[in-house]
Amino acid sequence: MNTMEYAPDPEPEEVQYRWPGDEPYVPIGRMPGYEINRYGQVRNARTKRPVKERQHPASFNIIYVACAGVSSQVNVLLEETFGPGAAQAAGLPPPDMDKVSKSRARAQQNGYVSRRESATGSRRHCATCKKPTTDYRCPACWIKVRGYAAADTAYGE
């Protein structure tokens, strides 16, 4: 009988596989309370629930998320959080960050106030003086127009 000794099988190397759900999440600077991973998945930091993604109607590869009344492109959030090239690594088109910063500067210059930043919790502005309000006009402008505030009216009289 031939007794040939075989070398033991080599131990397989320890390989760490990362699945999309295993990627660590990082807080988003512009959206407190929300996290994003390198795959572009956005979730609520407290509940760990994913945020619903929406496609841009004009382009199939631009994805939006709406968090706390603020809508943002996922590729812009990736670039801001992880740096240049992060959106392309996730399979999304790279955003034009110059355009993004110009549009944000223009919105700030025009007095746009997001729902989160607004004191009243509303994006509506007074038709007369353009101050943030929850009504068509602010109480001061109602007094100028009518002579009394809208809150002073009694319904049904």
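Values below: every heavy atom of this structure, side chains too, minus hydrogens, waters and symmetry copies. For this chain, numbers begin at 1 and follow the sequence in order.
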Test side-chain contact (heavy atoms from CB on, under 4.5 Å) applied to Leu77 and Val65, step by step: CA-CA 10 Å; Leu77 292 175; Val65 291; 3.9 Å; yes
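- Side-chain atoms of Tyr64 and Glu53, non-hydrogen and from C-beta on, never get closer than 4.5 Å to each other.
- With rounding to the nearest 0.5 Å, the separation of CG in Asp98 from OG in Ser103 is 11.0 Å.
- For the pair Arg43 and Tyr25, the distance from NZ or CZ to the six-membered ring centre is under 6.0 Å and the angle to the ring normal is within 45 degrees.
- Legend: salt bridge (charged side-chain N to carboxylate O under 4.0 Å, His left out) pairs involving residues 59-69, not counting sequence neighbours: none detected.
- Atom CD of Gln73 is separated from atom CD1 of Ile63 by 10.5 Å, given to the nearest 0.5 angstrom.
- Among all heavy-atom pairs drawn from Cys138 and Cys126, the shortest one is N-SG, 3.3 Å.
- Counting heavy atoms from C-beta on, the side chains of Arg137 and Val145 come closer than 4.5 Å.
- Taking Ile, Leu, Val, Met, Phe, Trp and Tyr as hydrophobic and joining them when side-chain heavy atoms fall under 4.5 Å apart, one finds Met97 in a cluster with Val76, Val100.
- The shortest side-chain heavy-atom distance between Pro27 and Pro32 does not fall under the 4.5 Å cut-off.
- Ile28 contributes atom CD1, which lies 5.0 Å from atom CD1 of Ile36 (distance to the nearest 0.5 angstrom).
- Side chain of Asn75 to backbone of Leu78: no donor-acceptor contact under 3.5 angstrom is found.
- Atom NZ of Lys48 has more than 12 heavy atoms from other residues, nucleotides or ligands within 6.0 Å.
- Put simply, the side chain of Glu79 gets close to the backbone of Ala87: a donor and an acceptor are under 3.5 Å apart.
- Once rounded to the nearest 0.5 Å, the distance linking SG of Cys141 with OH of Tyr136 reads 10.5 Å.
- Listed by chain and residue number, Arg30, Arg104 satisfy the salt bridge (Lys or Arg N to Asp or Glu O under 4.0 Å) test with Glu80 (two or more places apart in sequence, or in another chain).
- Note that the CE atom of Met31 and the OG1 atom of Thr81 stand 9.5 Å from one another [nearest 0.5 Å].
- In this structure, the side chains of Arg38 and Phe82 come closer than 4.5 Å at one or more pairs of heavy atoms.
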